[in-house]
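See structure below.
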Protein chains: 2
Amino acid sequence: MNRESNMINDEQAVDIFKALSNQIRVNILQMLKEPDNNFSPQAHVIKGKGFDGGVCVSDICSKVGLSQSTTSQYLSILLQSELVEMKRIGQWTYYRRNEKTIKQFEKYIGLKI
Amino acid sequence: MNRESNMINDEQAVDIFKALSNQIRVNILQMLKEPDNNFSPQAHVIKGKGFDGGVCVSDICSKVGLSQSTTSQYLSILLQSELVEMKRIGQWTYYRRNEKTIKQFEKYIGLKI
DNA sequence: TAGAGATATCGCAAATTATCAATATCCTTT
DNA sequence: AAAGGATATTGATAATTTGCGATATCTCTA
């Protein structure tokens, strides 16, 4: 029951549009689709620990070529819009795509846009 | 042949995200889905003349409650991203959704985001 | 517990966006 | 040709975003 619970609202959708209104943030989301292919072989990509595919900030940072502070801030914008999720393990913070939100967003586009 | 011709590129996609990163512009696009239901009965909604469903700027303007200049500018942002198309007929400029781009955008989200 | 590494936050200057009033342009009609 | 209505453009200011360096916080290890 309650199919609506899967639907994001207009406000959330605009937040997502804002998050994606920057090429580099889009790139980050795209790179996270295939962490193993898109980051250096020695990159810190998680297997196991309940957070498969998570990539740590410094690897994303060196890949996108922006400063650490900007990269961190962009990740937090993606996090706030729930396009990604994060988990801190030790001194590293791992980010990965939040496929649930992305699916809901796709659905929103099809129905509401 | 050439299935790729239907696919928008990353840059176009970011332009679309920017266009949609504003609630009012999203509202305009949504209202244009059903012009007859969303505008006043005496609104200037086109039937025929090869531009069915087109709505003129002043009707959109009074509906969204922003100034004429802002409304016009928002429409031109939507036009540049090709989310809408326009046709000038006499002294009126009619805008309507560009379903082709919207479909391509939907496809882009599914494949690239 | 002091240092070192990873990430987040703060403060800032530059660039961009939001929004309006005023003005210009384009059509139509007289 | 002039007036008037519809839309676009311009100029201006306030607000937001971009992106950085500096600093703070957190966590591990010596």
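Numbers restart at 1 for each chain; the letters A, B, ... are given by sequence-line order, proteins then strands.
Classified by interplanar angle (parallel below 30°, tilted 30° to 60°, perpendicular above 60°), the ring pair A/His44/A/Trp92 is parallel.
Nearest nucleotide to the B/Val57 side chain, out of D/dT18, C/dA6, D/dA8: D/dA8. Taking the side chain of A/Thr93 as heavy atoms from C-beta on, and the options D/dA6, C/dT7, C/dC20, the nearest nucleotide is C/dT7. Of all nucleotides listed (D/dT18, D/dT7, C/dT19), D/dT7 comes nearest to the side chain of B/Ser58. Which of C/dA18, D/dG19, D/dT7 sits closest to the side chain of B/Arg25 comes down to C/dA18. For B/Tyr95, taking side-chain heavy atoms from C-beta onward, the closest of the listed nucleotides D/dT18, C/dG5, D/dA8 is D/dA8.
We find that CH2 of A/Trp92 is positioned 9 Å from C1' of D/dT27, with the value rounded to whole Å. Rounded to an integer number of Å, the gap from CE of A/Met86 to C1' of C/dA6 is 13 Å. One interatomic measurement links the two molecules: CD1 of A/Ile60 to P of C/dT7, which rounds to 9 Å at whole-angstrom precision. As a whole-Å value, the separation of A/Gln23 CD from D/dG19 P is 11 Å. Here D/dT7 presents its C1' atom at 17 Å from NZ of B/Lys87, a figure rounded to the nearest Å. The CG atom of A/Leu20 sits 12 Å away from the P atom of D/dT18 (whole-angstrom rounding). Regarding B/Gln91, its CD atom lies at a distance of 7 Å from the P atom of C/dT29, rounded to whole Å. If you measure from atom CG of A/Leu66 to atom P of D/dT17, you get 17 Å, rounded to the nearest angstrom.
A/Cys61 comes within contact range of no nucleotide atom at all, as no heavy-atom separation falls under 4.0 Å.
Side-chain N/O atoms of B/Arg88 include none lying less than 4.0 angstrom from OP1 or OP2 on D/dA8. Side-chain N/O atoms of A/Asn22 include none lying less than 4.0 angstrom from OP1 or OP2 on D/dT17.
B/Tyr95 has its ring centre no less than 6.0 Å from the ring centre of B/Tyr74.
Side chain to side chain, B/Ser72 and B/Ser69 fail the donor-acceptor criterion of an N or O pair below 3.5 Å. Using modelled atom types, one finds a donor on one side chain and an acceptor on the other under 3.5 Å when comparing B/Asp10 with B/Tyr108.
Within residues 67-78 of chain A, the residues approached by DNA chain C to less than 4.0 Å at the level of any non-hydrogen atom are A/Gln68, A/Ser69, A/Ser72, in residue-number order.
A heavy-atom distance below 4.5 Å is found between the side chains of A/Arg25 and A/Ile77. Using a 4.5 Å cut-off on side-chain heavy atoms (C-beta onward), A/Leu83 and A/Leu20 make contact.
Taking the centre and axis of the six-membered ring of B/Phe51, the NZ or CZ atom of B/Arg96 falls inside the cone set by 45° and 6.0 Å.
Toward the 5' end of DNA chain D, the nearer of the two residues A/Lys18 and B/Asp59, judged by each one's closest nucleotide, is B/Asp59.
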